[in-house]
There are 2 protein chains.
Amino acid sequence: MSIDIECIHRVLSSIIEIDDKEWEYFSGLFEVKDFKKKEILLHADTICKNIFFVNTGLLRIYFTDNNGRESSFHFVPENDFATDYESFLQHTPSKCYIQALEDTNVVIISNNVVLDGYKKLRYGEKLGRKLSEKYFILYCNKIHALYTLTPIERYRVMNKLFPYILQRVPQHYIASYLNISPVHLSRLKNEQD
Amino acid sequence: MSIDIECIHRVLSSIIEIDDKEWEYFSGLFEVKDFKKKEILLHADTICKNIFFVNTGLLRIYFTDNNGRESSFHFVPENDFATDYESFLQHTPSKCYIQALEDTNVVIISNNVVLDGYKKLRYGEKLGRKLSEKYFILYCNKIHALYTLTPIERYRVMNKLFPYILQRVPQHYIASYLNISPVHLSRLKNEQD
DNA sequence: TTAATTTGTTAACAAATGTTATTGAATTAG
DNA sequence: CTAATTCAATAACATTTGTTAACAAATTAA
């Protein structure tokens, strides 16, 4: 099997049972692509037609507000998926951007391929459900944190859940993820001691 | 058909096709129940085993933080569903409470009944998917608003999307929904003119 | 009806957070 | 390697938001 799709094979196999025949067919529909650091994989206001699986590198999903200011919504490292699932499901214009923070190699699964997978894979529907539940729970936790935790508490939670992210991402992106200004994050980190 | 389940029949029929035979069986598994104003339908730290459909009245879903302070997450009026879907799906302790803000009459659909519906209704799985997508999109919009809008902008959006809510809910609950203090909301409303 | 409770507003003050600008270090591009 | 750019820290100041308390209006309970 091409090394490009070994990782995603391992990840999907951990969720549902896929036999070799199924995999040979399904993975043949994937596209593998490289993006340079800072390249945009998905533009806001366009319809998101892909799910990206990160082989190597790091992606950032972010919004912009009326003043053009960015809010980092999520960071996606190796072996994880990135998409705007709302736009993907509804075929509505995306509210967010997906950008490479490092040179990044991704497996691209298009909308058509996903729909085909639902039909052709024995457990395709289950896979779709499991992945969508995973995202749903991510969102639940995000909202809960925004409502009930202070910025510094959110920082500590992030530190605990995604320690590797803090080492790889410029701090002002972390600040926008926490929904505070970069200056304020710098202050909070000092006060912490 | 009992008047108790006319509303939910209408709502579900607008999502999927259900014939009379199916409905007779499925609706026979529902429970209908009255809750007094201020009563709790779901306690935090318990496992959410039900989906509630509001016939008459109004529900509030809210979190509490470490200091016991409440954050209203969502208001659920007539003809809409309330649940902690994260807890319901995963069988994990709920992070939130569901409370009646008025005397409220609900149809209760238990976890078992939902699972049964997935099997026995021709379009049961599709119904589950559609409802879960609806919640997912609600969450997307919520997060987007928290990141990109100011409190007064969130207030205006809420006013536009759920005008009836503002008439029926004490203002300090609205404030906690917007994630600001009641005093601050009162100020913002004055400044608005 | 009357008393108790809840609610919304306002004022005064405190705390949290944002903004701008400056600096030097780190990183990147050529 | 050098110049340009990005980045993090800091200070000074402005703005937003929270807190407490007081009061009056509205609602609820007895």
Side-chain angles (χ1 to χ4, degrees), chain A residues 35-40 57-58 60 62-72 75 99-104 145-156 158-159 165-193, chain B residues 35-40 57-58 60 62-72 75 99-104 145-156 158-159 165-193:
Chain A
F35 289 93
K36 284 272 171 217
K37 181 170 179 171
K38 296 193 180 172
E39 254 189 286
I40 298 291
L58 182 61
R60 178 173 74 115
Y62 67 93
F63 306 123
T64 56
D65 66 14
N66 294 329
N67 308 315
R69 235 160 290 209
E70 297 180 359
S71 295
S72 300
F75 301 101
Q99 177 196 40
L101 291 187
E102 306 171 353
D103 291 348
T104 299
L146 284 170
Y147 268 109
T148 64
L149 301 182
T150 63
I152 189 65
E153 287 170 335
R154 295 202 294 277
Y155 177 76
R156 293 206 195 97
M158 183 187 188
N159 212 333
I165 294 292
L166 298 188
Q167 313 311 318
R168 294 168 68 178
V169 172
Q171 188 169 294
H172 64 278
Y173 288 158
I174 306 287
S176 79
Y177 177 90
L178 300 172
N179 208 18
I180 59 177
S181 71
V183 177
H184 192 49
L185 175 56
S186 177
R187 268 187 306 227
L188 290 175
K189 281 176 63 182
N190 274 347
E191 290 167 17
Q192 204 178 181
D193 321 311
Chain B
F35 290 91
K36 284 272 173 216
K37 181 170 178 170
K38 295 193 182 173
E39 255 190 285
I40 299 290
L58 182 61
R60 177 173 76 115
Y62 66 94
F63 306 123
T64 56
D65 66 15
N66 294 330
N67 309 314
R69 234 160 290 210
E70 297 179 358
S71 294
S72 300
F75 301 102
Q99 176 197 40
L101 290 187
E102 305 171 354
D103 292 348
T104 300
L146 285 170
Y147 268 109
T148 64
L149 301 182
T150 63
I152 189 65
E153 287 170 334
R154 295 203 291 276
Y155 178 76
R156 294 207 195 96
M158 183 189 188
N159 211 334
I165 293 292
L166 298 188
Q167 313 310 316
R168 293 168 68 179
V169 171
Q171 189 170 296
H172 63 279
Y173 288 159
I174 306 287
S176 79
Y177 177 90
L178 299 172
N179 207 20
I180 59 177
S181 71
V183 177
H184 191 50
L185 175 56
S186 177
R187 270 186 305 225
L188 290 175
K189 281 175 66 181
N190 274 349
E191 290 168 15
Q192 200 178 182
D193 319 312

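Here is how names work: the chains are called A, B, and so on, in the same order as the sequence lines, proteins then strands, and each is numbered from 1.
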Could you go through B:Arg60 and B:Glu70, starting from their C-alpha distance and side-chain angles, then the distance that decides it, and tell me whether this counts as side chain to side chain contact (heavy atoms under 4.5 Å, CB included)?
CA-CA 11 Å; B:Arg60 177 173 76 115; B:Glu70 297 179 358; 2.7 Å; yes
Verify side chain to side chain contact (heavy atoms under 4.5 Å, CB included) between B:Val169 and B:Tyr177, making sure each step is shown before the conclusion.
CA-CA 11 Å; B:Val169 171; B:Tyr177 177 90; over 6 Å; no
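Using a 4.0 Å heavy-atom distance criterion, A:Pro151 is classed as a sugar-phosphate-only contact.
Between A:Leu185 atom CG and D:dA8 atom P the separation is 9 Å, expressed in whole Å. Rounding to whole angstrom units, CG of residue B:Asn179 and C1' of C:dT17 are separated by 14 Å. Distance A:Arg187 CZ to D:dA8 P: 16 Å, rounded to the nearest Å. Look at NZ on B:Lys189: it is 20 Å from P on D:dT16, rounded to the nearest Å. Rounded to whole Å, the distance from NE2 on A:His184 to P on D:dT10 is 15 Å. The interatomic distance linking B:Glu102 (CD) with D:dT27 (C1') rounds to 14 Å, in whole Å. Atom CG in B:Leu101 sits roughly 16 Å away from atom C1' in D:dT28 (whole-Å rounding). Atom P of nucleotide D:dT27 and atom CD of B:Gln167 are separated by 13 Å, given to the nearest angstrom.
An OP1 or OP2 oxygen of D:dT6 is reached within less than 4.0 angstrom by no side-chain nitrogen or oxygen of A:His172. Contact annotation: B:Gln171 does not reach the phosphate of C:dT6 (side-chain N/O to OP1 or OP2, under 4.0 Å). Put simply, B:Lys37 has a side-chain N or O that comes within less than 4.0 Å of OP1 or OP2 on D:dT28.
Mapped onto DNA chain D by nearest heavy atom, B:Ile180 and A:Ser186 fall at different nucleotides, with A:Ser186 at the one closer to the 5' end. When each of B:Val183 and B:Lys38 is assigned the nucleotide of DNA chain C bearing its nearest heavy atom, the one mapping closer to the 5' terminus is B:Lys38.
You'll find the side chain of B:His172 stays beyond 4.5 Å of the side chain of B:Leu185, heavy atoms only. Using a 4.5 Å heavy-atom threshold, the side chains of A:Leu178 and A:Ile152 count as separate.
Taking every heavy atom of both residues into account, B:Arg154 and B:Leu149 meet most closely at NH1-O, 2.9 Å.
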